[in-house]
Q: 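This is the structure, below, for whatever I ask next.
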Amino acid sequence: MKGTKLSGNIKAIPFLLPFFIFYVVFTIFPIVKGLQMSFYDWSLIQKMNFVGLKNYIMMFQDPDFWSSLWNTTLFTILSTPTMIVLGLSLALMANTRSKLRGFFRGAYFLPSILSVSVISYIAIFILQPYTGFLNSILHLIGIEGEPLWLANSTLAWVSIVGVTLWWTVGFNMILFLAALQEIPDYLYEAANIDGATPWQKFWNITFPQLIPIGRVVLLLQILSSYKVFAQILLITGGGPGTTTRPLIQYIYETGFDKFNLGYAATMSYALFFILLILSLIQLRNRSDQGVI
């Protein structure tokens with residue numbers, strides 16, 4: 001029996017080897033190389049010089065790093081709860097017994113298939129100060145003035161979060177919808193017999209059944225929000241000023257505009273450890289509550 005199992009494992013090697021090679025070349029090697037770069041004064045135009053922990057010390061003393069990290073954290077705080085609540089709400093609506101539920105599911109999920117460049121240019125078209133679609137609607141309903149959606153820091157954050165919600169909430173909706181369809185019908189039938197109200201059924205049946213997938217959505221949303229980059233770069237460019245510049249944009253500017261690849265790698269590893277700690281905390285909470 002052991003010989004047969006060993007023979008089967010050996011036969012699987014040729015099938016796994018191509019993936020393993022690609023994984024090492026395009027994942028493991030860049031990770032190791034990035035860690036090496038973080039200890040060097042590394043640029044595209046100068047010779048590499050080993051500087052030890054100098055880049056890490058500079059990072060802790062860099063106000064631009066901390067402001068960019070705060071901008072990323074602020075985006076996560078604003079987007080994560082609303083993304084979860086809105087995704088759950090849309091899933092509940094898409095799960096209703098209606099002839100139009102297929103249309104609703106497609107309409108809610110459709111923006112998720114668009115590229116970031118498409119949704120960004122749609123957002124710019126809508127949010128332009130004088131000829132934009134949104135301000136035109138405000139004028140039609142009698143609201144005067146020209147809100148500068150992308151020139152005011154508060155309105156810029158509202159705009160970015162709103163665009164991101166519209167673009168990505170469909171994925172969370174699909175996860176919640178799949179979980180809703182796994183809830184046994186007999187639980188609702190028993191609740192109907194007992195005369196439970198819709199709110200009681202939701203709070204005592206639906207909500208507890210959705211907690212496991214809710215934890216998954218929470219983890220995925222936090223990780224995704226901390227990696228925000230493209231839509232902010234294309235919509236506001238990190239402005240006005242640097243009030244909406246996320247950490248990944250600062251890393252990008254440091255590495256490819258200022259050609260300081262060593263310092264950019266250092267900040268990349270800082271972000272990696274932040275995401276690692278957040279993931280471990282979330283997974284620890286799941287295991288403590290018996291959710292695997």
Side-chain angles (χ1 to χ4, degrees), residues 22-23 25-27 30 34 68 71-91 93-94 102-129 131-137 149-151 155-178 216-240 242-257 264 267-268 271-272 275:
F22 273 93
Y23 185 76
V25 171
F26 294 104
T27 301
S68 299
N71 289 339
T72 305
T73 304
L74 178 61
F75 175 82
T76 303
I77 294 172
L78 294 175
S79 64
T80 299
T82 51
M83 193 76 73
I84 293 175
V85 172
L86 184 58
L88 176 58
S89 302
L90 294 179
M93 289 188 286
F103 169 78
F104 290 145
R105 293 175 184 180
Y108 298 154
F109 186 74
L110 186 61
S112 299
I113 68 175
L114 300 176
S115 68
V116 65
S117 58
V118 171
I119 65 101
S120 297
Y121 282 110
I122 291 175
I124 292 172
F125 169 76
I126 292 174
L127 299 171
Q128 286 179 347
T131 59
F133 179 76
L134 182 56
N135 280 354
S136 298
I137 294 297
W149 297 99
L150 303 180
L155 294 179
W157 275 120
V158 172
S159 303
I160 292 169
V161 172
V163 170
T164 305
L165 288 174
W166 168 70
W167 177 36
T168 61
V169 73
F171 179 74
N172 291 342
M173 181 209 69
I174 292 296
L175 294 179
F176 280 120
L177 182 61
V216 174
V217 172
L218 175 62
L219 176 59
L220 294 177
Q221 190 57 54
I222 290 175
L223 297 179
S224 176
S225 296
Y226 260 97
K227 294 186 293 183
V228 64
F229 168 56
Q231 65 265 42
I232 295 181
L233 178 67
L234 293 173
I235 295 174
T236 67
T242 58
T243 55
T244 62
R245 181 177 63 180
L247 181 56
I248 292 183
Q249 182 179 341
Y250 184 46
I251 294 172
Y252 170 82
E253 292 173 352
T254 301
F256 298 101
D257 290 343
M267 292 188 290
S268 298
L271 178 60
F272 167 75
L275 296 180

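Just so you know, these numbers use all the heavy atoms, side chains as well, and skip hydrogens, waters and symmetry mates. Since the structure is predicted, the reported quantities are computational estimates derived from the model, not experimental observations.
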Q: What is the distance from atom CG of Asn135 to atom CG of Leu127, rounded to the nearest 0.5 Å?
A: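 Separation between the atoms: 8.5 Å.
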Q: Show which side-chain atoms of residues 229-236 pair as donor or acceptor with protein atoms under 3.5 Å away, not counting sequence neighbours.
A:
| from | atom 1 | to | atom 2 | distance (Å) |
| --- | --- | --- | --- | --- |
| Gln231 | NE2 | Thr164 | OG1 | 3.1 |
| Thr236 | OG1 | Ile232 | O | 3.2 |
| Thr236 | OG1 | Gly238 | N | 3.2 |
| Thr236 | OG1 | Thr244 | OG1 | 3.0 |

Q: Using modelled atom types and a 3.5 Å cut-off, is there a donor and acceptor pairing between side-chain atoms of Asn71 and backbone atoms of Thr242?
A: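 Between the backbone of Thr242 and the side chain of Asn71 there is a qualifying donor-acceptor contact (under 3.5 Å).
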Q: For the pair Phe125 and Phe133, name the ring-plane relationship: parallel under 30°, tilted 30 to 60°, perpendicular over 60°.
A: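 Phe125 vs Phe133 ring planes: parallel.
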Q: What's the separation between atom CG in Leu218 and atom CE in Met83, rounded to the nearest 0.5 Å?
A: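 Result: 12.5 Å between the selected atoms.
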Q: Nearest heavy-atom pair of Leu150 and Ser159: which atoms, and what distance?
A: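 Leu150 and Ser159 have their closest heavy atoms at CD2-CB, 4.2 Å.
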Q: Over all heavy atoms of both residues, which pair between Ala156 and Pro240 is shortest? Give the atoms and the distance, please.
A: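 Of all heavy-atom pairs spanning Ala156 and Pro240, the closest is CB-CD, 4.1 Å.
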Q: Just how far is it from atom CG of Leu78 to atom CD1 of Ile160, taken to the nearest 0.5 Å?
A: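 One gets 10.0 Å once the value is rounded to the nearest 0.5 Å.
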Q: Kindly check if the number of other-residue, nucleotide or ligand heavy atoms within 6.0 Å of CZ (Phe109) is above 12?
A: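 Yes - once you tally the heavy atoms of other residues, nucleotides and ligands closer than 6.0 Å, there are more than 12.
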Q: So do the side chains of Lys227 and Ile248 get within less than 4.5 Å of each other, counting heavy atoms only?
A: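 When only atoms from C-beta onward are counted, Ile248 and Lys227 do touch, with a gap below 4.5 Å.
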Q: Show every side chain to side chain donor-acceptor pair (under 3.5 Å) that has at least one partner inside residues 76-87, sequence neighbours left out.
A: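 Side chain to side chain donor-acceptor pair (under 3.5 Å) check on residues 76-87 returns Ser79-Ser225.
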Q: Counting C-beta onward and ignoring hydrogens, is there a side-chain heavy-atom pair between Val116 and Trp167 closer than 4.5 Å?
A: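 They are in side-chain contact.
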Q: With no hydrogens and no angle check, is any side-chain donor or acceptor of Asn172 less than 3.5 Å from a backbone partner on Ile84?
A: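 Side chain of Asn172 to backbone of Ile84: no pair is present.
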Q: Once you measure the plane-to-plane angle for Phe256 and Tyr252, does it fall in the parallel (<30°), tilted (30-60°) or perpendicular (>60°) bin?
A: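 The arrangement is tilted - the two ring planes meet at 30° to 60°.
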Q: Could you give the distance from OG (Ser268) to CG (Leu247), rounded to the nearest 0.5 Å?
A: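 The distance works out to 7.5 Å.
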Q: What are the two closest non-hydrogen atoms of Ala264 and Thr254, and how far apart are they?
A: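 Distance-wise, the nearest heavy atoms are N-CG2, 4.1 Å.
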Q: Determine the minimum heavy-atom distance between Leu275 and Tyr226, stating which atoms define it.
A: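 Scanning both residues completely, I find the closest heavy atoms to be CD2-CB, 3.4 Å.
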Q: Please find the pair of heavy atoms, one from Met173 and one from Ala94, that lie closest to each other, and give the distance.
A: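 Closest approach of Met173 to Ala94: SD-CB, 4.5 Å.
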Q: What is the minimum heavy-atom distance between Pro111 and Trp166, and which atoms define it?
A: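 It is CB-O, 3.3 Å.
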